Amino acid sequence: MKKFEKVAMNNQNRDYNKATHRNHQLYDRQNDLRSDFARDYTRIIFSQAYRRLKHKTQVFFAVNDDHVCTRIEHVNLVESVSYTIALELGLNTELTKAIAAGHDLGHAPFGHGGEHILTDISMQHELNKFWHEKNSLHFVDNIELLEDDNHHWHNLNLTYAVRDGIISHCGEMNQRYIQKRDEYIDLNEYHYAGEYNPWTYEGCVVKMADKIAYLARDIEDALRLHIIDENKVFDLMQQLNQIDDFQFRAINNGTVVNYFIFDVINNSNIVQGIGLSEAALKRMKIIMDFNYKNIYEIDRVKIHVQYVSLILNGIFDLLYKLGNNDDMIASLKSQQSQYPKLISHYLTWLDKYACIDNYSRDNIYENNIVYDFTHDKKALEKSIIDYLAGMSDSFLIQAFNEMITF
């Protein structure tokens, strides 16, 4: 018997109506075969933020190598790992697919370095700390739009369970088990990453899969880019093989993912939650420590963070200076010929999401107003942070190059 079948978030679950709640009723098509969560999945993968993930850094930045992992590959790996675990445990795989597909939609460009820099800029301007789990919820709730049959644009309007899994996915956890929470909370009340466990077991699976998916994949890329060598990986394997009778014969994505998937399936239970054996948890910590020491915290990464800081701060300062005027639209347009890509796209951003005095939005946009320049003194700063966070690495570099070339 599949251990979690009776608590899967499907239409037999007593909380299913809560799980499938949307802020607004979604239209129906007579010939639509999809469940609520399947509809969420397709709404996410049709979004522009999902498309941009192919040009966002996972770990290694601006790499001219088609075989180095990007954010979209990571998302697909998380989807695959969580699907296998959920299927074997009897959970709802359509829900895990949707959560996994959307979990990093709000991630900053240039990986966690970009996230830290956006946090610094936000704090300097008295905004809340930037963290990508919260920003991913913000993007699926307010930023990402879909076009209807009349060519009008609307918010994604996802279900509660998918939205909850997205903001609750923080993978930097050290607990052996992830037990779902019971409280049906207002997801806008999250204050920091990892504050709450997911509300569904499916969300717990994605949270676990998020960590499993990158452990060895980052090692593969580090080897390919000659940041580490095979001797280091062999030493890591020897250390892992001292823990118990299980013996790795290689350290690569296939062997490591397979090991952790089977361990999670064998050790998860309804009483304790989605979890690992003691040995697997110990191995996970060893691999993570190895990655931080040999990959994430090396000097080349630190140097690149300084470069990214120059880019993000430079673009923010330019848009802030131009926008901080009585007639911000005229001010921005006055420099559009100098910075055509950067400013034209920012003006489109404002057209979609902003309410500005003496400026009318295009009536094709029927989505939420995000920046109320009339009543919110921080609307300008918020709009620029969101604009930067949504950019791909490649677009960010193109926009910055407009600023430093003539």
Side-chain angles (χ1 to χ4, degrees), residues 1-10 12-13 19 35 37-38 41 73-101 103 161-162 164-166 168-181 194 197-220 237 240-241 243-288:
M1 176 183 175
K2 299 189 174 186
K3 292 184 282 186
F4 285 74
E5 201 167 32
K6 291 184 178 179
V7 292
M9 189 49 71
N10 52 39
Q12 282 82 46
N13 191 303
S35 71
F37 300 140
Y41 175 73
E73 183 191 334
H74 167 72
V75 164
N76 289 335
L77 288 170
V78 173
E79 184 182 320
S80 173
V81 172
S82 58
Y83 176 88
T84 304
I85 294 172
L87 182 66
E88 292 302 313
L89 293 179
L91 292 168
N92 189 330
T93 57
E94 290 185 338
L95 177 52
T96 59
K97 280 169 65 70
I99 295 170
H103 84 278
V162 173
D164 170 79
I166 288 171
S168 303
H169 83 262
C170 176
E172 301 304 320
M173 51 82 181
N174 292 310
Q175 68 265 43
R176 183 178 165 191
Y177 285 96
I178 309 170
Q179 178 57 268
K180 79 175 192 71
R181 73 172 194 277
N197 278 347
W199 182 66
T200 64
Y201 283 112
E202 287 83 358
C204 296
V205 167
V206 175
K207 182 180 168 100
M208 181 69 78
D210 187 34
K211 177 168 286 190
I212 293 171
Y214 70 72
L215 289 172
R217 188 66 188 83
D218 295 349
I219 292 174
E220 288 183 340
M237 185 175 71
L240 295 172
N241 286 346
I243 292 173
D244 61 14
D245 292 338
F246 180 86
Q247 300 291 290
F248 282 109
R249 296 170 60 188
I251 300 299
N252 56 42
N253 204 45
T255 59
V256 171
V257 165
N258 185 73
Y259 167 79
F260 281 109
I261 284 177
F262 273 91
D263 192 90
V264 171
I265 292 168
N266 290 329
N267 287 279
S268 297
N269 60 82
I270 293 176
V271 174
Q272 294 171 291
I274 305 300
L276 298 162
S277 65
E278 288 281 5
L281 181 62
K282 188 177 292 186
R283 286 190 170 94
M284 183 175 280
K285 289 179 178 179
I286 289 172
I287 298 173
M288 288 196 67

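Here the structure is a predicted model, which means the values were calculated and not measured.
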Between D164 and K180, is the salt bridge (charged side-chain N to carboxylate O under 4.0 Å, His left out) condition met? List the steps. CA-CA 11 Å; D164 170 79; K180 79 175 192 71; over 6 Å; no
side-chain contact (heavy atoms from CB on, under 4.5 Å) against [X], all qualifying residues, sequence neighbours excluded:
X: I286; answer: L236, Q239, L240, I243, K282
X: A86; answer: L91, T93, T96
X: S80; answer: none
X: A209; answer: V78, V81, S82

Decide whether Q272 and N269 meet the rule of one side-chain donor and one side-chain acceptor closer than 3.5 Å. yes
[X]: what forms a side-chain hydrogen bond (donor to acceptor under 3.5 Å, both in side chains) with it, not counting sequence neighbours?
X: D218; value: Y296
X: D263; value: N267, S277
X: N258; value: none
X: N241; value: none

Hits for ring pair (Phe, Tyr, Trp, His ring centres under 6.0 Å) against F260, two or more places apart or cross-chain, chain-then-number order -> none
Salt bridge (charged side-chain N to carboxylate O under 4.0 Å, His left out) contacts touching residues 265-279 (sequence neighbours left out): R176-E278
Under a 4.0 Å N-O cut-off, is there an ion pair linking R283 with D244? yes
M284 vs Y259, side chain to side chain contact (heavy atoms under 4.5 Å, CB included): CA-CA, chis, key distance, verdict: CA-CA 11 Å; M284 183 175 280; Y259 167 79; over 6 Å; no
Is it true that a side-chain atom of N197 and a backbone atom of I178 form a donor plus acceptor pair closer than 3.5 Å? no
Indicate yes or no for a side-chain donor-acceptor contact from K97 to the backbone of N92 under 3.5 Å, with no hydrogens or angles considered. no
With sequence neighbours left out, write down each residue that passes salt bridge (Lys or Arg N to Asp or Glu O under 4.0 Å) with E220, or none if nothing qualifies. R217
Restricting to pairs with a member in residues 73-94, which pass ring-ring contact (aromatic ring centres under 6.0 Å, His included), not counting sequence neighbours? H74-H103
Can you tell me if CZ on F262 sees more than 12 non-hydrogen neighbours from other groups inside 6.0 Å? no
